[in-house]
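Reviewing the structure listed below.
The shown structure was predicted, so the numbers you read here are calculated from the model rather than taken from an experiment.
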Amino acid sequence: MAVKDLKSKQELDNLVKEGSPVMIHFWASWCEASKHMDQVFSHLSTDFPHARFLRVEAEEQPEISEAYSVSAVPYFAFCKDGKTVDTLEGAFPSELANKIAKVVGSIHAGEPAAPASLGMAAGPTILEAIQDIAKIDNSNTHSRPPTGVTETLKTRLEKLTRAHPIMLFMKGTPEEPKCGFSKKAVEILRAENVKFGTFDILSDNEVREGLKKFSNWPTYPQLYCKGELLGGSDIIIAMHEGGELKQAFADHGVGDDVSKMTAGQPVGQKGGVTDSTGLSSGLTGRLESLINSSPVMLFMKGSPDEPKCGFSRKVCDILREEKVDFKTFNILSDEEVRQGLKVYSNWSSYPQLYIKSELIGGSDIVLEMQKSGELEKILVEKGIISLEERLKKLVNLKPVMLFMKGTPGAPQCGFSAKVVNALEGEGIKFGSFDILSDEEVRQGLKKFSNWPTFPQLYYKGELIGGCDIVLEMKSNGELGSTLSE
């Protein structure tokens, strides 16, 4: 059954209500991963003729995108019996094949459905698309040059990936990242307190395209340790948050010490940074003027009151939730700005959020930063909101908020563990904040609350006290009643 392009939410709702398996691909024309995954999706549709395969251009159908909580593309939703039973975000062909097969019912849970075994008529075409996108066999050593990589280029890439024990291939430089993902990777490496070298892939198209085939990894940034690929932005973030990145460096004998260098560049030069974007000086000046016209500047489709795509609406909602004053520019009203800003920022989609002239990223990055608290942190660092305002928001995040060392599942001190046990013993639902993860909050909250130690327990924004007070309230039978008033 061919893939059908959806034109309305009503049409989708009617199809889902029928109860038969429905597979939905949310894509965007500007996203290369979407295009590749669309090929995979189309070929899979021939293997499952009894399921419906639907396609939604995410930005053009904001009502549908919002209904399915789409914040990044490619994104897939799987429906059966009138409801959504599973989702998948990202370019993972094998996982897409598995999920579709499980929903349709051709395989059982835990039983893999490798794409090659699904009877795909496309043969080499689909396998090539999968190999370009799939994140497989990342630690391979290449005994022969990958397809399309000459021996000379292979030798050069091997040297570059080993130019420093930790090498980051990124867009721009650590001082001037040219995309939000590269910026995040640099921040993580600095937080890990390790030396690292970088290479600006925007400065050398041969390296940029060759490394994709050499490593079988289609996007940037790419992080290598002793010549071995660790992964891209999503994997770097996950490994950092799980403590696995530090362990991976330790396993390779990489010591702690903050520093950075740029592969192949003399000291004092900005290797790989071009002096010109290729834009006219007049347009460049106009773009810079627009970016600097407000401390928080959002380039979007439509206006905050009438956004023309779900991604733009989402960023507006986030900025409002953060209680930030911001200015916007409707890129649909000016084609010169729309196309020029893509080149200027090296960011191919909209919306684009700038804070104090610095590109933060698009909707997916802004959403992730809000979830992690990183957005508030940047707003404080840039002087957009005060630390006191941030702390007020944090203590009011949940009716019962515990500021502790570690997390409820893994406390990092005995006092924090005791308070967690007391609250859980009373059946009290509470939010928590790991003060070890943010030194600014850790020190600021001491002055904010006039309480020098942790943990600190708050109820409806008011400080209850520390470990001793919480335990005393529990022993007196007052804890549950006080926190439920």
Side-chain donor-acceptor pair under 3.5 Å between Gln370 and Glu376, yes or no? no

field: Parallel, tilted or perpendicular, as decided by the 30° and 60° cut-offs, for the rings of Phe299 and Phe329
entry: tilted

In terms of heavy-atom contacts, Pro351 and Leu298 come closest through CB-CD1, 3.8 Å

Flag the pair Lys9 and Glu63 as a salt bridge only when some basic side-chain nitrogen lies within less than 4.0 angstrom of an acidic carboxylate oxygen. no

Here the pair of heavy atoms bringing Gln352 nearest to Ser345 is OE1-OG, 3.2 Å

Answer yes or no: is there an ion pair linking Lys393 with Glu322, defined by an N-O contact shorter than 4.0 Å? yes

Salt bridge (Lys or Arg N to Asp or Glu O under 4.0 Å) filter on Glu209, not counting sequence neighbours, yields Lys212

Any ion pair linking Asp305 and Arg313 (charged N to carboxylate O, less than 4.0 Å)? no

Note to self: Take a 6.0 Å sphere around CG of Asn205 and say whether it holds more than 12 heavy atoms from other residues, nucleotides or ligands.
What the structure shows: yes

When you measure from the side chain of Ser182 to the backbone N and O of Pro177, does any donor-acceptor pair fall under 3.5 Å? no

How about Glu18 and Asn14: does a side-chain donor come under 3.5 Å of a side-chain acceptor?
no

- Side-chain donor/acceptor of Ser303 to backbone N/O of Glu306, under 3.5 Å: yes

| query | Hey, is the main chain of Lys7 close enough, under 3.5 Å, to the side chain of Glu11 for a donor-acceptor pair? | reply | yes

When you check the gap from the basic side-chain N to the acidic O, do Arg286 and Glu336 get nearer than 4.0 Å? yes

Plane angle bin for Trp347 and Phe181 - parallel if under 30°, tilted between 30 and 60°, otherwise perpendicular: parallel

Report task. Please examine the side chains of Ile318 and Leu353, heavy atoms only from C-beta on, and report whether any two atoms are closer than 4.5 Å. Result -> no

Between Gln339 and Glu335, do the side chains contain a donor N or O and an acceptor N or O under 3.5 Å apart? yes

Q: Examine distances only and state if a side-chain atom of Lys80 and a backbone atom of Pro21 form a donor-acceptor pair shorter than 3.5 Å.
A: no

task = Taking the side chain as every heavy atom from C-beta outward, state whether Ile236 and Leu189 have any pair of such atoms under 4.5 Å apart.
result = no

| request: Find out whether Gln222 and Leu168 are in side-chain contact, i.e. whether some heavy atom of one side chain is under 4.5 Å from a heavy atom of the other. | output: no

Ring pair (Phe, Tyr, Trp, His ring centres under 6.0 Å) with Phe76: of Phe41, Phe53, Phe26, only one passes, and it is Phe41

